[in-house]
Amino acid sequence: MVTVNEKEKVFHLNNGRISYLFYVMESGQLGHLYFGKALNPEGNYLHMVEKAHRPMSVCIREGDLYTSYEHLRQEYPCYGTSDYRYPALEIQGSDGSRICKPEYQGYEVIKGKKPLEGLPATYVEREEEAETLEIYLKDALRGLEVVLSYTIFRDVDGIARSARFANRGQEGFFINRVMSMSVDLPDADFQSVQLSGSWSRERYVKVRDLDPGITAVSSMRGNSSHQHNPFLALKRKNATEQSGQVYGFSLVYSGNFLAQAEVDNYQVLRVMLGINPFGFQWKLEPGESFVAPEAVMVYSEEGLNGMSRQFHRLYRNRLARGYWRDKERPVLINNWEATQFAYVEDDLVTFATKAKECGVELFVLDDGWFGARNNDKCGLGDWKANRDKLPGGIEGLSAKIEALGMKFGLWFEPEMVNKDSDFFRSHPDYIIETPGRSASHGRNQFVLDFTRKEVVDAIYGQMHDLLSNAKISYIKWDMNRSISECYSTAYPADRQGEIFHRYILGVYDLHERLIREFPELLIESCSSGGGRFDAGMLYYAPQGWVSDDSDAIERAKIQYGTSLVYPLSCMGAHVSACPNEQVGRTTPIITRGNVAFTGAFGYELDLNKLSEAEIGMVKEQIQFYKENRSLIAKGDFYRLLSPFEGNFAAWEIADEKGSRALVTVTRILSEINGPFRRLPLRGLRRDQKYHVESRYLSYDAYGDELMQFGMMMEDKSCGQVIDGSGGCQDFLSILYEVTSI
């Protein structure tokens, strides 16, 4: 999959469907040639280099008016030396100079893929699944060694990129800016697609035209954030969900990030993804090294849906890992929305008993079980059971839950502390704060300094004791505030630019230690919902709480946007009580279930408070999910109608053989005397006959009809309902089963 033209020094990554080409310039730096649909690996492609004498350009060699880095497409650009666009790398030496010029030294082709030390990354299980090209560069003046890594996958139309840096010189220097990937595309006739929002409305789809200048999303909060996701897509203006050219860029990282598209004065488009340079500076002493996080680039000619399916396939199978990667996820129930802090052990057992009767498999005890925790002002950091609430401790409660025939799960917020806690009183210096300045709080809590091993060790010790002595099968790992006043007393002044990144490395380390010690533990990542829902966390936690907003109509948007990058198997999606806690909306329990089926399914309510009819519906939902959860987790996902563009949200999950599909259609507001509608499906076999079934609709049709003419939609708003069947209401969702016969 990697070919090298030794004479022309052109590198070609090709898996038969996509190609990625770059070359070594005469100056020794790397230039970019092509990224897109596969090209002939035998071709010669240096003629793709576009050179011309540009007025007012600055050129790198005297007498040569054609070679200016300002106008050449580059592969991993550095600051200075005639390029005035934003660089991928900026180094600052002891003399204050920021000029850097890593020159080509050689390459190596490796079967398979190497892991990244201390960082999450995609992987392969067999060497034949991928090939990796490593390019070696060196800045002789600084003694900087750079290794650029490119992995092309056999079964995914994507390339994973990362970069390593080592100081082989005699003096230390600073890395001020380090992107995980950069690519210069030859034109800027694209729209950017980003996932942006805020708490309880995370990952809304935002589309905008690219114009000269910068289009960027980023985080400076210490976590990937509710506001923006570490992802950027570029689509041709005529591209749709199902057709057209799309590039996708995703960062496998959970901290501060920058995703940037820069259009220059000649309509060349530079795309970069990596650690946010704001607040970042890494000191590299002689003999030390630094590894940048991994970035994944995907190319699709089948629209945004084609891009998403590539990300889903890779992230579901070769980023998520361990015991739970391929296993069916248990149906869970969480007590938070039912009880919040006000509960005792008998209440919880009663709560769980009813859940077991309905078919729930995992009971999760949320916040309030530890220390003096009766509100959010105290207790964080004291990870020992509150014996007033739980006389038998977590050991006793978990044993009772297991005796019911269910698994037991527990909420933690390991990275935070309340000042009103024994842990803080013993270690007041363990929080992140700037000397001489007051520390801001969020939700009455402060951030522990996870850059320090002794802090991580202290939290690990408490968690290890609980997990060793109680029957805990699942952890909900929460993180309810971002970092402010970023400073660590454990590091000198010239290393304070490292704190944001070192903090995330500490978070990863704690996850890794727990996974090694308790390999069958299921971890669900949470950060006030979706504040750290990113590819980096998926490496440690195979599912994440998508958003604190559990309202079905809002979730239709949030889960629709999330699916641009992330597979359904990693989306925690639950049915909650109505009126909804976040928006006050009342939606039918059928709608809540249909939307929540698009993920790892569960409940956030007290089943003892439901009517008999509702309990019957809950039992039906759980049974349906159990019968179909393998298809939901592993099937191909197709977005059919966008809730951001109209009154309907629709999506489809089809198995890879095209023998079965589930189609969910959610109408947001009711209509009167509306039009008949048909919904073209995807992923079916054209010559296969299917049976289509929903609550009030049943018929047979061939795959070509269902994909071309479309599936008939059951919609009681098409005309006047006179047969008493009802069904004409707001927030109505209908699930269709499409099965080959």
Side-chain angles (χ1 to χ4, degrees), residues 120 122 202-203 223-224 229 250 252 254 308 311-334 336 360-366 407-414 472-479 507-508 511-512 514-515 518-550 555 558-559 561-576 595-604 622 625-626 628-635 637 653:
T122 56
E202 298 92 339
R203 291 175 299 287
N223 54 304
S224 51
N229 200 258
S250 172
V252 186
S254 308
S308 298
F311 277 125
H312 292 184
R313 189 172 299 130
L314 180 62
Y315 285 0
R316 181 176 63 232
N317 301 315
R318 292 297 182 265
L319 179 60
R321 60 188 173 131
Y323 180 81
W324 283 101
R325 186 191 70 184
D326 301 322
K327 287 190 173 295
E328 294 182 344
R329 307 290 165 73
V331 178
L332 69 82
I333 191 164
N334 184 296
W336 176 251
V360 175
E361 299 161 308
L362 170 65
F363 168 75
V364 179
L365 177 58
D366 211 283
K407 295 298 183 181
F408 178 76
L410 197 59
W411 180 94
F412 282 93
E413 193 169 4
I472 302 171
S473 301
Y474 161 104
I475 283 179
K476 180 181 177 182
W477 184 310
D478 213 341
M479 194 280 287
V507 172
Y508 291 157
H511 276 88
E512 192 66 49
L514 291 170
I515 291 167
F518 306 99
E520 296 184 12
L521 180 69
L522 174 58
I523 301 177
E524 179 161 344
S525 175
C526 178
S527 178
S528 278
R532 201 164 61 191
F533 196 104
D534 55 62
M537 294 312 301
L538 183 54
Y539 184 72
Y540 303 97
Q543 63 191 55
W545 186 225
V546 177
S547 175
D548 279 347
D549 191 341
S550 55
R555 272 303 188 100
I558 295 167
Q559 291 170 206
T562 303
S563 74
L564 257 70
V565 196
Y566 305 104
L568 304 192
S569 59
C570 75
M571 295 189 205
H574 300 169
V575 176
S576 62
V595 174
F597 286 147
T598 314
F601 187 71
Y603 289 87
E604 301 266 339
I622 292 173
Y625 181 75
K626 288 179 178 178
N628 291 280
R629 58 184 159 190
S630 180
L631 168 61
I632 292 168
K634 299 176 183 179
F637 185 70
I653 307 165

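Values below: every heavy atom of this structure, side chains too, minus hydrogens, waters and symmetry copies.
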- Item | Under 3.5 Å: donor-acceptor pair, side chain of H312, backbone of G635 | no

Side-chain contact, heavy-atom cut-off 4.5 Å: M537 with C570? no

In short, R325 meets R318 closest at the heavy-atom pair NH1-NH1, 3.1 Å

Sorted by chain and number, sequence neighbours left out, side chain to side chain donor-acceptor pair (under 3.5 Å) with R629 holds for E328, E361

Nearest heavy-atom approach of L522 to P542 is CD1-CG, 3.6 Å

>> Has R329 got a side-chain atom pairing as donor or acceptor with S569's backbone, closer than 3.5 angstrom?
In response: yes

> Would you say the side chain of W477 lies within less than 4.5 Å of the side chain of L514, judging by non-hydrogen atoms?
Replying inline: yes

The ring pair (Phe, Tyr, Trp, His ring centres under 6.0 Å) partners of W336 (sequence neighbours excluded) come to F341

Worksheet item: Quick one: are I515 and I523 in side-chain contact, heavy atoms under 4.5 Å?
Response: yes

Q: Could you check if a side-chain atom of Y474 sits within less than 4.5 angstrom of a side-chain atom of Q543, using non-hydrogen atoms only?
A: yes

Determine whether a donor-acceptor pair (N or O, by modelled atom type, separation under 3.5 Å) exists between the side chain of W324 and the backbone of E520.
yes

Applying side chain to side chain donor-acceptor pair (under 3.5 Å) to H574 and not counting sequence neighbours gives E604

From the list S525, S250, S254, S527, side-chain hydrogen bond (donor to acceptor under 3.5 Å, both in side chains) partner of D534 resolves to S254

Counting C-beta onward and ignoring hydrogens, is there a side-chain heavy-atom pair between Y508 and E512 closer than 4.5 Å? no

Got N229 and Y566 here, is their nearest side-chain heavy-atom distance under 4.5 Å? yes

Checklist entry - Side-chain contact, heavy-atom cut-off 4.5 Å: V565 with Y315? => result yes

- Query: Is a side-chain N or O of R555 found less than 3.5 angstrom from the main chain of D549, in a donor-acceptor match?
  - Reply: yes

